[in-house]
Amino acid sequence: MSKVYNTQESLASSLAKFFKKIFPSITKPQLKIIPYIILGMIESESVVTTDIIKKLKGKFNQVQTSSTVRRLERFFNSLNFNIYDLFQAVVSYMISKHEFTNKNIYIALDHTGCLDHFTILLFTVKIGKQGIPIWFRCFKGKNPPEALKHDVIKEGIVYTYNLLKDKAENIIFLGDRWFCQYKLMKLINEMEGYYCFRAKKDITIYVPNYGETVGRIGDIKPKEKEEQIYEDVWVMQHRYITNLVVSRKEGKDCWHILTNWKSEEAIESYNYRFGMIEFVFKNGKSNGFYLESTKMRNIRAFTTMFGVMCIALIWITILGVNYSNTEEKKRRIKIKDKRRMGRIFSYFNTGLMYFNILYNTKIEKISCSFVLSKC
């Protein structure tokens, strides 16, 4: 009788070995619970503790549910575990093994909320036409001031730039109006990176060589059929020189992008941000782990839970990318709904289907190496 692969116990053991390899300071108690939480999240497609517990097997079935609940709660609230360290170890390893096929790497900066209880600052990197999380910070409350602090955002920018700078010729940061700050633009420029930030319309600028005008960015109205490019615009408040690109008129809205990137590519580059963010947020919420179903209210517990969820999201996304890029696996494991394998179907959902097909089967082993193939 052939051996069954991909049991919960075998996958948990493989994940534990991987975490120990990339993060040697992780403790044995942590190794005994984190892999199971990840697998419980994936099986239940939920971050709710009781949903996770229902899917746990092995030693977890030998004790009362209430005891397992307390065990998970102690882990999520532990002062002796920093999820940021483990998450960054996973990301660093993944990036070190990945070969980007494009000379440009795009990083999207954005905030998302979990109901009115928490705010998340999230950086994602473009993988194909989608995104994958590579850095985050969690905050208590809805849109708290700390989530917009320069030092916090700077930490993420410096970390992600150093992580990726040897992987491509150009690192381009994409951010909405909340990130359009003089200090951040200057920081990225001094690091020899690039930015495309959507500007607030009340920013005062000086436009030389175009009638020598001074006014607000919002005063520059979009044109119907062409983008407008203004080189060496002065942001008056800080006397900072950058370029301004105004998108074509589409509906009621348009984009005013401040950038040090190639002006003719700024609008297209900024547009990448939406695909990157949309898939990551949906995979964490309504299309994946249903983050907003959590009952957690403690910031430490939420941060740990969110970080573990992101590791699960990265793993499943990697499985989806690798499956999508391997013709042999497509022949061996057929997914009937071909419409879902199209452009609009995320790597995460592809990976989730792949995982569910192989779980507790003899077909082939699920990789726990966190090695992302070219895409």
Show the nearest heavy-atom pair for residues [X] and [Y], with the distance to one decimal.
{"X": "Ala147", "Y": "Leu121", "answer": "O-CD2, 4.2 Å"}
{"X": "Ile203", "Y": "Ala199", "answer": "CD1-CB, 4.2 Å"}
{"X": "Asn283", "Y": "Ser346", "answer": "OD1-OG, 3.5 Å"}
{"X": "Ser367", "Y": "Leu319", "answer": "O-CD2, 3.7 Å"}
{"X": "Leu148", "Y": "Gln181", "answer": "O-NE2, 3.6 Å"}
{"X": "Val371", "Y": "Asn322", "answer": "O-ND2, 3.0 Å"}

Side chains of [X] and [Y], heavy atoms from C-beta outward: is any pair under 4.5 Å?
{"X": "Leu109", "Y": "Trp178", "result": "no"}
{"X": "Phe76", "Y": "Ile37", "result": "yes"}
{"X": "Asn325", "Y": "Lys374", "result": "no"}
{"X": "Thr294", "Y": "Met305", "result": "yes"}
{"X": "Lys165", "Y": "Ile105", "result": "no"}
{"X": "Cys138", "Y": "Phe136", "result": "yes"}
{"X": "Phe355", "Y": "Ile316", "result": "yes"}
{"X": "Ser369", "Y": "Phe18", "result": "no"}

Return the [atom1] to [atom2] distance between [X] and [Y], rounded to the nearest 0.5 Å.
{"X": "Arg137", "Y": "Ile153", "atom1": "CZ", "atom2": "CD1", "value": "12.5 Å"}
{"X": "Leu72", "Y": "Ser67", "atom1": "CG", "atom2": "OG", "value": "12.0 Å"}
{"X": "Met185", "Y": "Cys196", "atom1": "CE", "atom2": "SG", "value": "11.5 Å"}
{"X": "Ile188", "Y": "Leu184", "atom1": "CD1", "atom2": "CG", "value": "6.5 Å"}
{"X": "Phe100", "Y": "Ile127", "atom1": "CZ", "atom2": "CD1", "value": "4.5 Å"}
{"X": "Ile33", "Y": "Lys59", "atom1": "CD1", "atom2": "NZ", "value": "12.5 Å"}

Worksheet item: What salt bridge (charged side-chain N to carboxylate O under 4.0 Å, His left out) pairs are there with at least one residue in residues 279-300, not counting sequence neighbours?
Response: Glu278-Lys282, Lys285-Glu292
Item to complete: Can you tell me which residue pairs pass the salt bridge (charged side-chain N to carboxylate O under 4.0 Å, His left out) test with a partner in residues 36-45, sequence neighbours excluded?
Response: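 Checked against salt bridge (charged side-chain N to carboxylate O under 4.0 Å, His left out) - neighbours excluded - the pairs reaching residues 36-45 are Glu43-Lys57.
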Side chain to side chain donor-acceptor pair (under 3.5 Å) partners of [range], not counting sequence neighbours, each pair once:
{"range": "residues 95-106", "answer": "Asn104-Asn170"}
{"range": "residues 17-28", "answer": "Lys21-Tyr93, Thr27-Gln30"}
{"range": "residues 139-149", "answer": "none"}

Ignoring hydrogens and geometry, is there a side-chain-to-backbone donor-acceptor pair from [X] to [Y] under 3.5 Å?
{"X": "Thr124", "Y": "Ile132", "answer": "no"}
{"X": "Ser247", "Y": "Trp255", "answer": "yes"}
{"X": "Ser263", "Y": "Thr259", "answer": "no"}
{"X": "Glu192", "Y": "Asn189", "answer": "no"}
{"X": "Lys55", "Y": "Leu39", "answer": "no"}
{"X": "Asn243", "Y": "Glu231", "answer": "no"}
{"X": "Asp219", "Y": "Arg216", "answer": "yes"}
{"X": "Asn6", "Y": "Asn356", "answer": "no"}
{"X": "Asn162", "Y": "Ile157", "answer": "no"}
{"X": "Gln228", "Y": "Lys221", "answer": "yes"}

Practice prompt. Evaluate side-chain contact (heavy atoms from CB on, under 4.5 Å) for Lys54 paired with Thr65, printing each intermediate quantity in order.
Written response: CA-CA 8 Å; Lys54 290 176 184 177; Thr65 300; over 6 Å; no
Worksheet item: Do the ring centers of Phe19 and Phe23 come within less than 6.0 Å of each other?
Response: no
Worksheet item: Does the ring center of Phe279 lie less than 6.0 Å from the ring center of Phe348?
Response: no
Worksheet item: Which other residues belong to the hydrophobic cluster containing Leu115, where Ile, Leu, Val, Met, Phe, Trp and Tyr are joined when side-chain heavy atoms lie under 4.5 Å apart, directly or via other members?
Response: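 None; Leu115 is a cluster of one.
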Check for me, please, whether [X] and [Y] land in the same ILVMFWY cluster - side-chain distances under 4.5 Å, paths through other members count.
{"X": "Ile171", "Y": "Leu174", "answer": "no"}
{"X": "Phe281", "Y": "Tyr290", "answer": "no"}
{"X": "Val48", "Y": "Ile53", "answer": "no"}
{"X": "Ile299", "Y": "Met296", "answer": "yes"}
{"X": "Ile217", "Y": "Val207", "answer": "yes"}

Worksheet item: Using the ring of each side chain (for Trp, its six-membered ring), is Phe302 parallel, tilted or perpendicular to Phe118, with breaks at 30° and 60°?
Response: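 Phe302 and Phe118: parallel rings.
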Discussion item. Is the ring pair Trp234/Tyr206 parallel, tilted or perpendicular, if the boundaries are 30 and 60 degrees?
Written reply: perpendicular
Practice prompt. Test side-chain contact (heavy atoms from CB on, under 4.5 Å) on Phe370 and Ile318 and set out the steps.
Written response: CA-CA 7 Å; Phe370 281 75; Ile318 289 174; 4.1 Å; yes
Item to complete: Applying ring-ring contact (aromatic ring centres under 6.0 Å, His included) between His111 and each of Phe179, Phe123, Phe139, report the one that passes.
Response: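 Of the listed options, the one satisfying the test is Phe179.
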Worksheet entry | Name of the residue among Phe197, Tyr194, Tyr272, Tyr195 meeting ring-ring contact (aromatic ring centres under 6.0 Å, His included) with Trp261 | Tyr194
Practice prompt. Would you kindly say whether Ser13 and Ser10 are connected by a side-chain donor-acceptor distance under 3.5 Å?
Written response: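 Short answer, no.
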Discussion item. Side chains of Asp51 and Ser44: any donor to acceptor distance under 3.5 Å?
Written reply: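 There is no such pair (donor and acceptor under 3.5 Å, judged by atom type) between the side chains of Ser44 and Asp51.
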Discussion item. Before you tell me yes or no, could you show the steps for Thr204 and Val235 under side-chain contact (heavy atoms from CB on, under 4.5 Å), namely the whole-Å CA-CA distance, both residues' side-chain angles and the distance that decides it to 0.1 Å?
Written reply: CA-CA 6 Å; Thr204 302; Val235 179; over 6 Å; no
Worksheet item: Glu224 and Arg248: side-chain contact (heavy atoms from CB on, under 4.5 Å), yes or no, with the steps?
Response: CA-CA 6 Å; Glu224 292 284 351; Arg248 290 177 294 177; over 6 Å; no
Discussion item. Given the ring of Tyr270, does Arg198 sit roughly above its face, with NZ or CZ under 6.0 Å from the centre of the six-membered ring and within 45° of the axis?
Written reply: no
Item to complete: State whether the number of non-hydrogen atoms from other residues, nucleotides or ligands found under 6.0 Å of Tyr5 atom OH is greater than 12.
Response: no
